[in-house]
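Every value quoted in this text rests on a predicted model; they were computed, and no experiment measured them. As a basis for the values below, the full set of heavy atoms in this structure was taken, side chains included, without hydrogen atoms, waters or symmetry mates. Counting starts at 1 for both ligands and their atoms, in listed order.
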Amino acid sequence: MTSINSKIHFILLAGGDSLRFSSNSNKLLAKFKNKNLLNYNIEFIKELKFKKISLVVKNIKKTDIKSNNDLEIIKGGKTRSESVKNALNKSNFKSKYVIIHDAARPLNSKKIINEITKNLINKKYDCVVPYNKCSDTVVVKHKNLDRDKLKLIKTPQGFLKNKITYLHNKYNKKKLNDDSQLFRYEKNKYKLKYILQNEINIKITYKGELETLNKLIENNIFVGIGYDIHRTIMTNKNNLLKLGGAKIKSKVKVISHSDGDVILHAITDSILGALSLRDIGTYFPNNKKNLNRNSIDFLNYALNKMNSKKKMINNIDLMIVSEEPKINPHFKKILDSISKNLNINKNIISIKATTNEKSGLIGRGDFIACWSNISLRDS
Ligand code: ZN
């Protein structure tokens, strides 16, 4: 792909005035991934090693992108077509092929660019255009159009450079939304290829579209760890012990100021940790109010904090160390209870249990402990 691309001049259009995006902001400078839309696009295109990139901007003085050996900056015109024409006529770069792309389309596809170059160079098409099929109902003056016949035309588009330059100069006065239109004006005079693109390829026009897109792609993960241990005493009669909110029959009794649910305490601390907050003890000290307190209250406190910070649980991994009770016989009950109390699917909960092989205080059955490792993400 690299060698093919080195024959191509790439024109990136960033000259629009973004009036529909917001009255006072340029959409191409809005945040996308960890960059802005424009820089994100330039980085993507640079990776593909085209012969030269021409960046077309409205105001060269206001651009902080610098020209270099691989990239030149060209002043755009009043309309999209004028901007393309400027790039085609004023660029110093000589090449047989050109690809023209709108910088407002951030969902670039190497696969589509590869298909464009192959059709241009190997199959000798004059114009190669990707399109999406239309799956929405389209209504014009109360009448439905036959959507199966519709093509939603996209960029990047590839051309034989001398032909697209000729047509742009010939149809100088026409107002164009895309460059392939020029080849449709000429009916069957040129070889035009449409490529069906199944991937999403949207043009960011409204602010809300970029917000939705950012929400879909952002994958900020916040990790938290929690640990809890409680003393247990053997009573040789059946006690009801709380583990993950479930009531488990056991010969041991847990010594605790609250209800002593080590699993919920560890989970609560891990959520607080992932939110960069303090620990359970800070919010629920060992005072009269918290005596024999239901640990669900601690958990709900942390979950409310999580919700108010617009985060959700991504996954949770628990390690319980207990000699008595044995965890495995109660595994399903504990899993069900954690799933219900955290309001998450069981397939993102991992519960591992071990004994301490009768060594140390836990091994002797004097303690029960739990580690919780949790990851949260933006909700
Ligand atoms: Zn505890």
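- Angle OD2 (D228) to the Zn ion (ligand 1) to NE2 (H230): 90°, rounded to 10°.
- Using the six-membered ring where Trp is involved, Y171 and Y185 have ring planes that are tilted, between 30° and 60° apart.
- Looking only at its N/O/S atoms, H265 has ND1 as the one nearest to the Zn ion (ligand 1).
- When the ring pair (Phe, Tyr, Trp, His ring centres under 6.0 Å) test is applied to H9, the partners found at least two apart in sequence or on another chain are F93.
- In this structure, F284 and F298 have tilted ring planes: the angle between them lies in the 30° to 60° band.
- Y301 and Y283 have tilted rings, their planes meeting at an angle from 30° to 60° on a 0 to 90° scale.
- Put simply, D261 stays out of reach of the Zn ion (ligand 1), with no N, O or S atom under 2.8 Å from it.
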